[in-house]
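These notes concern the structure reproduced below.
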Amino acid sequence: MARTFTLNRPVRANAAPALDYAALLNAQQAAAATAAPGPALVIAGAGSGKTRTLTYRVAYLLENGVAPQQILLLTFTNKAAKEMLARVADLLPETSQGIWGGTFHSIGNRLLRRHPEAVGFKPGFSILDREDQEDLLKLVFGDAGFDPKDKRYPKPEVLGDIFSLAVNMGLSIEEVLLRKYDYFVALTEEIGKLQAAYERRKLALNVVDFDDLLEKSVRLLRPADGPGEHYRRQFQFILVDEYQDTNRLQAEFIDLLAQRHRSIMVVGDDAQSIYSWRGAEVQNILDFPQRYAGAAVYRIETNYRSTPQILELANAAIAGNTRQFQKTLVPARPPGAAKPALVELMDGAQQALFVTQRILELRDEGVELDEIAVLYRAHFHAMELQLELTRHGVPFHITSGLRFFEQAHIKDVVSFLKFAVNPRDEVAFKRVVRLLPGIGGSAADKLWRHFEAALGPRDRLEGSFHEAFAGAKVGAKSAKAWTQLLYTFDEIAPQGQSVAPHAALESVVEAVYDDYAKSKFPNYDQRREDLVTLANYARQYQDPTEFLAELALVSAVEQTDATKRASDDDERVTLSSVHQAKGLEWKVVFVISLNEGSFPSQRNADSPAGLEEERRLFYVAVTRACDELVLTYPNMRTMGSYGGDLFMRPSRFIDELPEDTYERWDVERGW
DNA sequence: TACGTGGCGCTTTTT
DNA sequence: GCGCCACGTA
């Protein structure tokens with residue numbers, strides 16, 4: 001084999017590092033940021049400046065002559081990637097351009113766009129989100145010769161979960177079924193057939209799902225003589241954020257890229273691994289020192305976020321877990337005014353009333369509403385609280401529900417573009433035509449077959465859509481809208497070449513969708529506004545393929561300055577699941593419904609591993625609080641939940657706390 | 001295809 | 001106790 005000699009970017013003349021790491025970081029952070037090349041594990045406790053450390057690590061590499069494109073920075077969320085890259089750019093504006101940074105999925109997308117054929121896809125493939133995937137799975141039943149209405153089979157939604165777990169955890173269908181869906185074990189063979197049919201369909205439609213972005217990338221990277229070798233040479237330094245939440249597939253993705261240089265720094269907190277149900281394996285981080293022999297281990301344990309009282313409770317909360325790196329959060333802040341509060345309430349209604357009244361009290365004390373959060377294990381735990389807050393006129397927002405790009409009206413108009421860009425996209429086509437009055441599943445299917453025949457083996461339409469659909473019949477009820485639709489298709493993709501995304505969106509809304517939206521949606525105005533926002537967002541993109549990929553991979557639009565200002569004006573309390581609160585902090589945090597069966601969730605309480613994850617979730621919840629932490633539990637489950645009244649025990653996580661870590665509040669009725 | 005009614009099931013959701 | 005989906009009917 002030829003010898004490889006790697007030239008590093010020449011170090012700038014008199015290149016005394018501009019940044020004084022010892023002054024900007026604490027000793028633990030600085031040690032990690034300036035670590036020598038080679039494998040390294042950074043155990044970063046909650047609130048310890050993990051992002052800061054990672055940011056300075058990148059800066060340190062750049063300052064020491066590593067070229068930006070030799071750095072790969074992997075995160076789980078777009079927000080995290082964006083934030084870190086922006087902070088690096090702030091530190092070193094001149095040298096940071098060209099870093100490969102993004103989510104696992106977006107980096108996978110980038111690789112596959114460069115080498116689609118190597119894994120059987122064609123350029124311009126589109127990305128299915130979860131809903132698209134389910135739509136496609138419905139079609140797949142027919143392919144495999146099964147009746148989708150047959151109740152024995154898992155619903156598309158569950159099927160998607162099964163396939164996803166299999167891919168992400170590197171398990172066979174049978175293993176997944178045995179572990180999580182034992183009532184489907186008898187159908188192992190059939191489900192396997194469905195999976196094969198699904199794979200064929202994706203290739204035929206030239207579409208990939210989220211999991212493919214990783215799995216096909218791994219397949220691309222695996223061969224020693226394939227394109228992977230190029231990237232193994234290129235990425236001399238790999239950094240991974242939130243490593244505790246990686247699954248088996250992601251771990252392999254990283255390992256494949258790190259094979260050559262072995263200069264990989266993974267950062268995370270095993271105590272905050274809370275996504276095992278999505279395939280995350282906390283074992284990845286726990287075993288890292290074994291998998292990468294000679295790995296340096298750094299610990300960042302100084303917590304800048306919370307008062308010592310809150311940290312004492314947090315440390316006690318996680319102590320019950322055995323599978324963890326022992327660590328203790330060390331407070332940097334002076335003692336706060338009070339210990340965390342533990343509040344026993346009669347029932348859910350009283351809990352809601354208590355939280356509401358305490359929030360009002362805090363507001364009177366000068367705490368702003370957006371510095372307060374109420375966290376819970378499951379969204380329905382917040383139902384009574386929502387009623388109570390509304391009754392008292394306390395504004396709140398809930399971090400749940402559909403994200404911007406997943407809303408029906410957004411997906412509807414985007415489907416026009418998807419079909420224009422990729423005329424093989426049956427799912428997008430059917431979604432579009434079903435918007436027309438008088439056209440349902442069977443008419444959509446007929447139209448699709450007609451179009452498929454006209455398209456032939458090509459991946460791009462050469463003539464006009466009018467020609468392609470010549471002779472296709474629709475009912476009298478649909479005729480007018482159908483003509484209008486064909487006209488629109490030809491406008492947004494003349495000769496099969498799609499126009500710029502914002503122009504296409506404007507055409508679609510104006511010609512077809514606006515009328516539909518008016519008749520269909522009670523909140524037409526809001527939706528119309530969203531569509532304008534979407535079109536404006538699209539202006540950044542010239543290439544429709546790139547725009548569509550971005551939509552699939554990004555869950556929220558950047559807040560415009562206008563909306564930011566608007567939301568600054570009216571402060572709101574945050575209501576959030578603990579999962580969605582990870583990485584965030586508030587001055588005052590309430591954790592509610594701390595009952596056996598609720599938190600820990602009944603479904604995880606039976607297995608030791610499940611219970612440890614619930615305990616980590618509790619740990620994540622309490623470590624969100626800066627100044628004040630309030631834990632509450634009702635004694636009875638009443639209206640607001642199903643099944644009638646029931647006594648409930650306080651959570652075992654409360655029993656596990658030493659009594660001197662909190663102060664009990666006695667709540668009594670004042671009327 | 002569109003609309004009304006009964007039955008079922010009901011954690012979390014980075015991409 | 002409610003909402004969604006699937007099935008029945010026009």
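Quick caveat: nothing in here was measured; it's all calculated off a predicted structure.
The pair A:Glu157-A:Lys138 fails the salt-bridge criterion, with no side-chain N (NZ, NE, NH1 or NH2) lying under 4.0 Å from an Asp/Glu carboxylate O.
For A:Tyr619, there are no ring-ring contact (aromatic ring centres under 6.0 Å, His included) partners two or more places apart in sequence or in a different chain. A:Pro650 meets the side-chain contact (heavy atoms from CB on, under 4.5 Å) test with A:Tyr633; sequence neighbours excluded. Contacts of A:Arg305 classified as salt bridge (charged side-chain N to carboxylate O under 4.0 Å, His left out), with partners at least two apart in sequence or in another chain: A:Glu585. Among residues two or more places apart in sequence or in another chain, the ring-ring contact (aromatic ring centres under 6.0 Å, His included) test is passed with A:Tyr376 by A:His379. The side-chain hydrogen bond (donor to acceptor under 3.5 Å, both in side chains) test applied to A:Arg527 returns A:His409, A:Asn523, not counting sequence neighbours. Scanning for side-chain hydrogen bond (donor to acceptor under 3.5 Å, both in side chains) contacts around A:Ser651 gives an empty result, with sequence neighbours left out. Legend: residues meeting ring-ring contact (aromatic ring centres under 6.0 Å, His included) with A:Tyr275, ordered by chain and number and at least two apart, are A:Trp277, A:His579.
Between A:Leu387 atom CG and C:dG1 atom C1' the separation is 13 Å, expressed in whole Å. Summarising the geometry, the separation between CG on A:Leu617 and P on B:dT12 is reported as 11 Å, rounded to the nearest angstrom. C:dA6 atom P lies 11 Å from atom CZ of A:Phe141, rounded to whole Å. A:Glu134 places its CD atom 15 Å from the P atom of C:dC4, with the value rounded to the nearest Å. Between the C1' atom of B:dT11 and the CD atom of A:Glu596 lies a distance of 15 Å, rounded to the nearest Å. In this entry the distance linking CD of A:Glu157 with P of B:dT12 reads 12 Å, nearest Å. Atom pair A:Asp241:CG and B:dT15:C1' shows a separation of 15 Å (rounding to whole Å applied). Rounded to whole Å, atom P of B:dT15 lies 16 Å from atom CG of A:Asp132.
Between A:Lys155 and A:Val578, the one whose closest nucleotide on DNA chain B sits nearer the 5' end is A:Lys155.
No engagement by A:Phe104 is indicated, since no non-hydrogen atom pair under 4.0 Å with the nucleic acid exists. When heavy atoms are screened at a 4.0 angstrom cut-off, A:Ala443 is found touching the sugar-phosphate backbone but no base atom. A:Asp245 comes within 4.0 angstrom of a base, heavy atoms only.
At B:dT1, one or more side-chain N or O atoms of A:Ser442 fall inside 4.0 Å of OP1 or OP2 (strictly under the cut-off). Under 4.0 angstrom from either OP1 or OP2 of B:dT13 there lies at least one side-chain N or O belonging to A:His379. Checking the phosphate oxygens (OP1, OP2) of B:dT15, no side-chain nitrogen or oxygen of A:Ser106 falls inside 4.0 Å.
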- Task: May I have the step-by-step check of side-chain contact (heavy atoms from CB on, under 4.5 Å) for A:Arg248 and A:Asn168, ending in yes or no?
- Result: CA-CA 6 Å; A:Arg248 172 135 170 209; A:Asn168 282 297; over 6 Å; no

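When each of A:Val266, A:Asn284, A:Leu74 is checked for a side-chain contact (heavy atoms from CB on, under 4.5 Å) with A:Thr246, only A:Asn284 meets the rule.
If you check distances only, the side chain of A:Arg130 never reaches the base of B:dT13 with a donor-acceptor pair under 3.5 Å.
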Listed pairs, N/O of protein and of nucleotides 2-5 of chain B, under 3.5 Å:
{"unit_1": "B:dA2", "atom_1": "OP1", "unit_2": "A:Gly438", "atom_2": "N", "d": "3.2"}

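A stacked arrangement is assigned to A:Trp277 and the six-membered base ring of B:dT12, with a centre-to-centre distance below 5.5 Å and an interplanar angle below 30°.
Here the side chain of A:Asn604 pairs no donor or acceptor atom with the backbone of A:Glu614 at under 3.5 angstrom.
Between C:dC4 and B:dT11, the two P atoms lie 15 Å apart (nearest whole Å). Separation of the P atoms belonging to B:dT12 and C:dG3 is 16 Å when rounded to the nearest angstrom.
Annotation: proximity of residues 597-616 of chain A to DNA chain B (heavy atom, distance under 4.0 Å) is found for A:Ser601, A:Arg603, A:Asn604, A:Glu614, numbered in ascending order.
Here B:dT15 is the nucleotide among B:dT11, B:dT15, B:dT13 with the atom lying nearest to any side-chain atom of A:Leu553. Which of B:dT15, B:dT13, B:dT12 sits closest to the side chain of A:Ala378 comes down to B:dT12.
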